[in-house]
A.B. asks: 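Before I ask anything, let me first share the structure, which is written out below as structure tokens.
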Amino acid sequence: GDSVTQMEGPVTLSEEAFLTINCTYTATGYPSLFWYVQYPGEGLQLLLKATKADDKGSNKGFEATYRKETTSFHLEKGSVQVSDSAVYFCALSEDNFNKFYFGSGTKLNVKP
Amino acid sequence: EAQVTQNPRYLITVTGKKLTVTCSQNMNHEYMSWYRQDPGLGLRQIYYSMNVEVTDKGDVPEGYKVSRKEKRNFPLILESPSPNQTSLYFCASSSTGGKNIQYFGAGTRLSVL
């Protein structure tokens, strides 16, 4: 079945450091891929998405490229801020967009 | 303001006592879904609904029921809660299936003793 695997956290970085959070997936079809962010005490918010191979999703300085050959969708940001501290979830949905599969989440701590 | 509202936010109950967690959205969305979040497991989908009277199982439906009698409401029902249903629950909604942005509620933390 479909699944998403994320790197274990927590990830601790200093402000302005480069961020990579790895995400790989297993899917039977051609899924769309998502990154969601969860701030403390809140629900999830969509950060970015990509719907086909080689698409790059981007938002708020975060980027991720849909790599079909490596079944990956790694999240990157060139310079993190303290306000980026949150839990990040990678997710996929197959063609019908009804069922969603989430990774286990990666907690990011950014220190001033 | 566009929002998904869950109630209650916190609930402590005992094994076997039926409970309902309500979810309401004000965006006229067709698609609604319930998830549970557990440490190390991320979010797992319980049930989803494509429209009124149309519901289907997600990945972990056992022990849960849902109904969609009105477009705005999608309650989650635990007929006989057990301790392994202790979790953080999220409701979400989206237009035209989950293809577009899913809006999440603030969560309901449930403890079953």
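Excluded from the calculations below are hydrogen atoms, water molecules and symmetry mates; all remaining heavy atoms, backbone and side chain alike, are included. Protein chains get the first letters and strands the later ones, always in sequence-line order, with residue 1 at the start of each.
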A.B. asks: Are any non-hydrogen side-chain atoms of B:Val60 and B:Gln45 less than 4.5 angstrom apart?
C.D. replies: no
A.B. asks: Heavy-atom distance under 4.5 Å to chain A: side chain of B:Tyr35, backbone, both or neither?
C.D. replies: side chain
A.B. asks: Identify which part of B:Arg109 has an atom lying under 4.5 Å from any heavy atom of chain A, answering side chain, backbone, both or neither.
C.D. replies: neither
A.B. asks: Quick check: do B:Ile77 and B:Tyr64 have side-chain heavy atoms less than 4.5 Å from each other?
C.D. replies: no
A.B. asks: Assign the ring pair A:Phe73 / A:Tyr66 to parallel, tilted or perpendicular, where the plane angle (0 to 90°) is split at 30° and 60°.
C.D. replies: perpendicular
A.B. asks: Can you tell which part of B:Gln37 gets under 4.5 Å to a heavy atom of chain A, answering side chain, backbone, both or neither?
C.D. replies: side chain
A.B. asks: So what's closer than 4.5 Å to chain A heavy atoms on B:Leu43: side chain, backbone, both or neither?
C.D. replies: both
A.B. asks: Is there a donor in the side chain of B:Asn73 and an acceptor in the side chain of B:Glu70, or the other way round, less than 3.5 Å apart?
C.D. replies: yes
A.B. asks: Counting only non-hydrogen atoms closer than 4.5 Å, does A:Gln38 touch chain B with its backbone (N, CA, C, O), its side chain (CB onward), both, or neither?
C.D. replies: side chain
A.B. asks: Do the ring planes of A:Phe102 and B:Phe104 sit parallel (below 30°), tilted (30 to 60°) or perpendicular (above 60°)?
C.D. replies: perpendicular
